[in-house]
Number of protein chains: 4
Amino acid sequence: MTSKIKQRGKDGRRWRRRKDKRPGEIRMAALECFGERGFAGTRLDDVAERAGVTKGTLYLYFQNKEDLFKAVVSEELVPNIVRIESLLSEKELPAPEALAQLMRFWVKTFTTTRLSILPKLVISEVGNFPELAEFYIHEVIDRGFALVGGILRRGIDEGDFREINVEETIISVIAPAIVTMLWKHSFEPHGSRKLDPVTLVETHIEIILRGLGRNPAAL
Amino acid sequence: MTSKIKQRGKDGRRWRRRKDKRPGEIRMAALECFGERGFAGTRLDDVAERAGVTKGTLYLYFQNKEDLFKAVVSEELVPNIVRIESLLSEKELPAPEALAQLMRFWVKTFTTTRLSILPKLVISEVGNFPELAEFYIHEVIDRGFALVGGILRRGIDEGDFREINVEETIISVIAPAIVTMLWKHSFEPHGSRKLDPVTLVETHIEIILRGLGRNPAAL
Amino acid sequence: MTSKIKQRGKDGRRWRRRKDKRPGEIRMAALECFGERGFAGTRLDDVAERAGVTKGTLYLYFQNKEDLFKAVVSEELVPNIVRIESLLSEKELPAPEALAQLMRFWVKTFTTTRLSILPKLVISEVGNFPELAEFYIHEVIDRGFALVGGILRRGIDEGDFREINVEETIISVIAPAIVTMLWKHSFEPHGSRKLDPVTLVETHIEIILRGLGRNPAAL
Amino acid sequence: MTSKIKQRGKDGRRWRRRKDKRPGEIRMAALECFGERGFAGTRLDDVAERAGVTKGTLYLYFQNKEDLFKAVVSEELVPNIVRIESLLSEKELPAPEALAQLMRFWVKTFTTTRLSILPKLVISEVGNFPELAEFYIHEVIDRGFALVGGILRRGIDEGDFREINVEETIISVIAPAIVTMLWKHSFEPHGSRKLDPVTLVETHIEIILRGLGRNPAAL
DNA sequence: GATGAATGAGCTTTCATTCAT
DNA sequence: GATGAATGAAAGCTCATTCAT
């Protein structure tokens, strides 16, 4: 688009034009609504109200409801994918440490961003948005699998892990994180026990690292 | 709801096969539709068509869409909860074996029933159906936690498992099963890699049992 | 059952299913509305009310407003085009008589059908419906021109008409009919003088035949 | 509406020009839009864009969309009505020549002004604007009829025309001009054959004068 | 004067629900 | 019991209009 003149505003304006801020605010409101009620169950009136605008305003920034939905997913995902990318390029730690770091990084992301609602949203709505599936599988799942699978393979090569079935082990490693995210947004709001990601991850790390270790005597 | 009007034929037959099967057929069709598109995204026309009846017929058996939805969830869950109950009362195996059996039982259920779509359905729709949350948390989650938690505690008591944080470990144990169910219905229809529950569970059992074992020398 | 006062019509039914009649009734109502207010200016509520149904019913028979509009034009046009076709194949009269008959046939059509609103509708809406232009030009205008042009050429060949510029003369011949149709639907409802098609056509026939004649003295 | 305030800049500033021209530019843009898509089908965004201003600017010059529409019609019509008035007061020619001159004058107007879109616009929109009908009937149609009717009556009185039915003959005389105007804006943009007003009028003049003549041999 | 972000009434469209058949 | 034409409330979307800048 074009470079918009900076709006230096003094105080005392009844409302301001916030062309630059609005889209993000709307996406955030939409993320919450879609996360809570799903795509079809979300009314644009609700999104608008939560964003502090009226329905018509949504259409200044998004072509239609579907466009807004896709914007919400991709805009939330993309910057976070970039953050994950940076992890990938970090210095090579021993595999067990790398695995532990990765899981602790997830805890940080989980507690500091709104990203955690996306798995629920995607899982719920792929049935209605096939392109979403393609995007998510390719950009998130495949990358995540490659990342964890790489560490596991390295751990085997370097003698830290026993000869495990990598593809299946990936699931054992990451599943608790996924379940925790779903849990937070589906059951915690309705009074179920709360899952503490920090404790959970530390417990899980120990189980996994012991479980993958070479010494079979434990069994 | 079900009006208990006596409808005996003059030949004494109590049940007309067709009449008797309709509700189940409709629930099954509804389960598939709701699973694919969610509650709001499902049209009763589609449910009716898939059930081989017309829209009006749905209202002969269910008060409304919401009633149908709840019937679908509870009717699918209840008999399967009963099956799980029977597991609970089985003869006491050593904890590691009990855990392995439980997970293999899950594989069987997963591959032989349509139950596996329910986690997705529940996770997607609890935002719109708070009672559903209550029901599911109480009837499924709490029971499941109690079941796995009981085995874990027994394993600790009997010296098979080290002193682990039971609550968090439960998640590590069951998360892969949950993820597999969600995966099957959300990503596999859209071309992602397939998860094989048998291999996955065997791999997971070994990781978990090794991970929970007493001998720490492996680390 | 509850004691519900049934509001029966005179035939004893509250409403009847009239799947076979409805589409035609709706098209007729739509024809009038579109004719009066144009496509964009017509509200489906008005069409529905005039057809004696509710808005939703329109969607049982037509995909959307545009589909209804096209159905109105083509359904009204097609059968009348067929009628015109039959004229084409009639026995060959002398050209002057054929011209007079054609114009009198138009009067009959004008006074006995609702066809006369279509020129106004088409002229008003071709800007929004390019396919409509194509259809109308090809099916109505070109055929009409061919018909009148054929008679004129025959008249010249057979010595009844002088050597006139056929293409332009066609306009002189048919224009009053077109103007009368537009007039009826645009100005007469607002109090302008009324045009009497019978007198008008007889006057026009005489002017045209005299105007085209070789030896006007013969008249 | 049009306040003809003289704005001769005392210092000869040219920038006032722009301000002065805005309303006319907007009316012109609106004329084209309304002509193409009708009143309801025209968006003010489109008018603004075509006029090279923004939507808000339209409201500096016109109260609302309807006001703009009426301004467009009246501002285009009034000056042209004045031109027609001047024809009326011209020296009295013999009726046949007057008729021919009148029709040739129409050709000139048709080819040099944008007036020709107005019949289409008025015919299309009178259903939505009853006052427009009144205005047009009174200011354009009645005057036009009086003008042509006057010539015809004079022609009869002076022995140039036979005893024709004046009211109906008026239609035969003017209809081709009306049809040509409608044609130009409705069908020519969509690829139909083009009507050449010059040839058409010359052909029509000859038909009409022969058709009306007492002693056609005179021609 | 000019702008264009924001509004909200009004329209099209959908679909759960009803009910005469 | 079963149907499906009909309904109407609710939602998505458009666009004339406003108003702070």
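Values in this document were obtained by computation on a predicted structure and should not be read as measured data. Here is how names work: the chains are called A, B, and so on, in the same order as the sequence lines, proteins then strands, and each is numbered from 1.
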Which sits closer to the 5' end of DNA chain E, Gly56(C) or Thr57(D), going by the nucleotide each is nearest to?
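Counting from the 5' end, the first nearest nucleotide belongs to Thr57(D).
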Leu68(D) and Phe34(D), any side-chain heavy atoms less than 4.5 Å apart:
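They are in contact (side-chain heavy atoms under 4.5 Å apart), so the answer is yes.
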Atom [atom1] of [X] and atom [atom2] of [N]: how far apart are they, to the nearest Å?
{"X": "Phe62(D)", "N": "dA2(E)", "atom1": "CZ", "atom2": "P", "answer": "12 Å"}
{"X": "Lys55(D)", "N": "dT3(E)", "atom1": "NZ", "atom2": "C1'", "answer": "12 Å"}
{"X": "Leu58(B)", "N": "dA2(F)", "atom1": "CG", "atom2": "P", "answer": "11 Å"}
{"X": "Ile26(B)", "N": "dA2(F)", "atom1": "CD1", "atom2": "C1'", "answer": "11 Å"}
{"X": "Tyr61(A)", "N": "dC13(F)", "atom1": "OH", "atom2": "P", "answer": "18 Å"}
{"X": "Asp46(B)", "N": "dA16(E)", "atom1": "CG", "atom2": "C1'", "answer": "13 Å"}
{"X": "Glu25(B)", "N": "dA2(F)", "atom1": "CD", "atom2": "C1'", "answer": "14 Å"}

So, does Tyr59(C) get its side chain near the phosphate of dA6(F), meaning an N or O under 4.0 Å from OP1 or OP2?
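Negative; the distance criterion is not met.
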Apply side-chain hydrogen bond (donor to acceptor under 3.5 Å, both in side chains) to [X] and list each qualifying residue two or more places apart in sequence or on a separate chain.
{"X": "Glu36(A)", "result": "Arg50(A)"}
{"X": "Glu66(A)", "result": "Lys70(A)"}
{"X": "Thr57(B)", "result": "Thr54(B)"}
{"X": "Asn128(B)", "result": "Arg37(A), Glu125(B)"}

Of the listed nucleotides dA5(E), dT3(F), dA6(F), the one nearest the side chain of Thr54(B):
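Closest of the options to the side chain of Thr54(B): dT3(F).
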Could you please name the option among dG1(E), dT7(F), dA6(E) that lies closest to any side-chain atom of Leu60(A)?
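Nucleotide nearest to Leu60(A)'s side chain: dA6(E).
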Excluding sequence neighbours, so at least two apart, what forms side-chain contact (heavy atoms from CB on, under 4.5 Å) with Ala40(C)?
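For Ala40(C) the side-chain contact (heavy atoms from CB on, under 4.5 Å) partners, ignoring immediate neighbours, are Ala40(D).
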How would you list, by chain and number, every residue that makes a side-chain contact (heavy atoms from CB on, under 4.5 Å) with Ile117(D), sequence neighbours excluded?
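Expected list: Leu31(D), His185(D).
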Using the test salt bridge (charged side-chain N to carboxylate O under 4.0 Å, His left out), find all partners of Glu75(C) that sit at least two apart in sequence or belong to another chain.
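So Glu75(C) forms a salt bridge (charged side-chain N to carboxylate O under 4.0 Å, His left out) with Arg27(C).
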Give me the atom names and distance for the closest heavy-atom approach of Pro189(C) to Ser186(C).
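Taking every non-hydrogen atom into account, CD-C, 3.8 Å.
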At a heavy-atom distance below 4.0 Å, what parts of residues 63-71 of chain C sit against DNA chain F?
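Within residues 63-71 of chain C, no residue comes under 4.0 Å of DNA chain F.
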Within residues 35-45 of chain D, which residues have any heavy atom lying less than 4.0 Å from an atom of DNA chain F?
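By residue number: Thr42(D), Arg43(D), Leu44(D).
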Could you provide the dot-bracket string of DNA chain E, using ( ) for intrastrand pairs, [ ] for crossing pairs and | for bases paired to another strand, with Watson-Crick or G-U pairs below 3.5 Å?
.||||||||||||||||||||
If the condition is ring-ring contact (aromatic ring centres under 6.0 Å, His included), which residues does Phe129(B) pass it with, not counting sequence neighbours?
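By the ring-ring contact (aromatic ring centres under 6.0 Å, His included) rule, Phe129(B) matches Phe39(B), Phe69(B).
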Enumerate the residue pairs fulfilling salt bridge (Lys or Arg N to Asp or Glu O under 4.0 Å) with a member in residues 52-61 of chain B, sequence neighbours excluded, ordered by first and then second residue.
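Non-adjacent pairs meeting salt bridge (Lys or Arg N to Asp or Glu O under 4.0 Å): Asp45(B)-Lys55(B).
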